[in-house]
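Heads up: numbering here begins at 1 and tracks the sequence.
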Amino acid sequence: MMLDLESVRLFALVAEYGNLTRAAEAAGTVQPVVSQRIKSLEAALGRRLLDRSPRLVRLTEAGTAFLDHARTLLAAHEAAIAAVDIVPSHITIGISDHALGTHLDLTLKRVRMALPPHATMAVHLGQSADIRDRFEGGQIDLAIIRREHGAEGGEILGSDALQWRVPPGWSGSDGPLPLVLLPSPCSVRAVAIRVLDQAGITWRETFTGGSCLALMAAVRAGLGVAPLGTIIGGDLAVAPASLGMPPLPPSQIVMLARTPNPATSAAARALAASVRDLLA
């Protein structure tokens, strides 16, 4: 029995994303092709590998057992290619901390899986304005940033609403609103301050962090309220409507891409698919 390596690769992608459509995006194809390829693989193996539903795809017991072997087979194939493919590719990725936050590791894992053996990557984490400047200056090949609706350029991967995240059991503040923020020129910081000023709500900055992980820790510690997106906010409580907090405007998660070679194109597809998966 001979296994089709592309079908095995698509199976591994479906296992990673748990979604046929996202796996297709990462592979640069369409969902029906992925579905048909996996059906052919199942026929070759004589086992059903996936349980499919309209919203979710799960591995069967046979699929779980096959997955490790599939990854071993793909790794051996990549090693064989690497032994004779000496053309290197280096990809630089910039990611806004306010775009992915705690899901950074999952996204980078998926991008790494999509790269050919000869490709290496470097990642820069920072604020959206800095990441955009680096991209426009040619220092970054791929960028994921957060921006307000109405701005132009790049591929919109989806909307991610900003919300006021509050400490456990928080019932409001007697004095100025305590704010937990990234330092200027963070665009989320600027939006939050503008909204509060327009609503006539006084505020004071009680914590200035270097990352959204630090902001989340400060909120959990009870230091104040932070404007965070749905992706980043995790299990932090959202301020209840009874507190009268002004709504924050919607913002978009956008990918900026420069793809001069197949390796960068593969990384861009995986990056976009992973972010869309998180937003869904």
| task | Please report the C-alpha distance between Asp141 and Thr259 in whole Å, then the side-chain angles of each, then the deciding distance to 0.1 Å, and finally whether the side chain to side chain contact (heavy atoms under 4.5 Å, CB included) criterion is met. | result | CA-CA 7 Å; Asp141 303 304; Thr259 55; over 6 Å; no
| field | Neighbour count above 12 (heavy atom, 6.0 Å) for Arg47 CZ | value | no
| query | Is the CZ atom of Arg112 crowded by more than 12 outside heavy atoms at less than 6.0 Å? | reply |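 More than 12 heavy atoms, drawn from other residues, nucleotides or ligands, come within 6.0 Å of this atom.
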Check: residues 4-13 side-chain donor-acceptor pairs under 3.5 Å, at least two apart:
{"residue": "Asp4", "atom": "OD2", "partner": "Ser7", "partner atom": "N", "Å": "3.0"}
{"residue": "Asp4", "atom": "OD2", "partner": "Ser7", "partner atom": "OG", "Å": "2.6"}
{"residue": "Asp4", "atom": "OD2", "partner": "Arg37", "partner atom": "NH1", "Å": "2.4"}
{"residue": "Glu6", "atom": "OE1", "partner": "Arg9", "partner atom": "NE", "Å": "3.0"}
{"residue": "Glu6", "atom": "OE1", "partner": "Arg9", "partner atom": "NH2", "Å": "3.4"}
{"residue": "Glu6", "atom": "OE2", "partner": "Arg9", "partner atom": "NH2", "Å": "2.8"}

Once you round to the nearest 0.5 Å, how far does [atom1] of [X] lie from [atom2] of [Y]?
X      : Y      : atom1 : atom2 : answer
Leu271 : Leu142 : CG    : CG    : 6.0 Å
Thr230 : Asp160 : OG1   : CG    : 4.5 Å
Glu136 : Arg258 : CD    : CZ    : 9.0 Å
Leu45  : His69  : CG    : NE2   : 11.0 Å
Leu213 : Asp97  : CG    : CG    : 6.5 Å

Between [X] and [Y], is any pair of side-chain heavy atoms under 4.5 Å apart?
X      : Y      : answer
Thr92  : Gln139 : no
Val191 : Pro249 : yes
Leu279 : Gln252 : no
Leu59  : Leu50  : yes
Arg132 : Ser128 : no
Gln163 : Ile232 : no
Arg52  : Ile38  : yes
Thr264 : Ser89  : no

| field | Side chains of Ser96 and Arg146, donor plus acceptor under 3.5 Å | value | no
| query | Between the side chains of Ser274 and Arg110, is a donor N or O closer than 3.5 angstrom to an acceptor N or O? | reply |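 Side chains of Ser274 and Arg110: pair found under 3.5 Å.
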| request: Verify the cluster assignment for Leu106 and Met121: are they in a single hydrophobic cluster under the rule of side-chain heavy atoms below 4.5 Å apart? | output: yes
| message | Is there a continuous path of hydrophobic side-chain contacts, each under 4.5 Å between heavy atoms, that joins Val275 to Val111? | response | yes
| Picking from Gln127, His98, Glu205, what satisfies side-chain hydrogen bond (donor to acceptor under 3.5 Å, both in side chains) with Arg189? | Glu205
| query | Could you go step by step and tell me if Glu25 and Arg22 meet the salt bridge (charged side-chain N to carboxylate O under 4.0 Å, His left out) rule? | reply | CA-CA 5 Å; Glu25 290 176 6; Arg22 297 291 174 249; 3.0 Å; yes
| task | Go through the steps for Leu179 and Trp164 under the test side chain to side chain contact (heavy atoms under 4.5 Å, CB included), then give the verdict. | result | CA-CA 10 Å; Leu179 283 186; Trp164 295 108; 4.0 Å; yes
| message | The test is side chain to side chain contact (heavy atoms under 4.5 Å, CB included); show your working for Met216 and Arg165 and say whether it passes. | response | CA-CA 9 Å; Met216 293 173 69; Arg165 300 290 181 147; over 6 Å; no
| query | Charged N to carboxylate O under 4.0 angstrom, Arg134 versus Asp130? | reply | yes
| task | Please test Ile145 against Leu256 for side chain to side chain contact (heavy atoms under 4.5 Å, CB included), starting from the C-alpha separation and ending with a verdict. | result | CA-CA 8 Å; Ile145 62 172; Leu256 308 172; 4.1 Å; yes
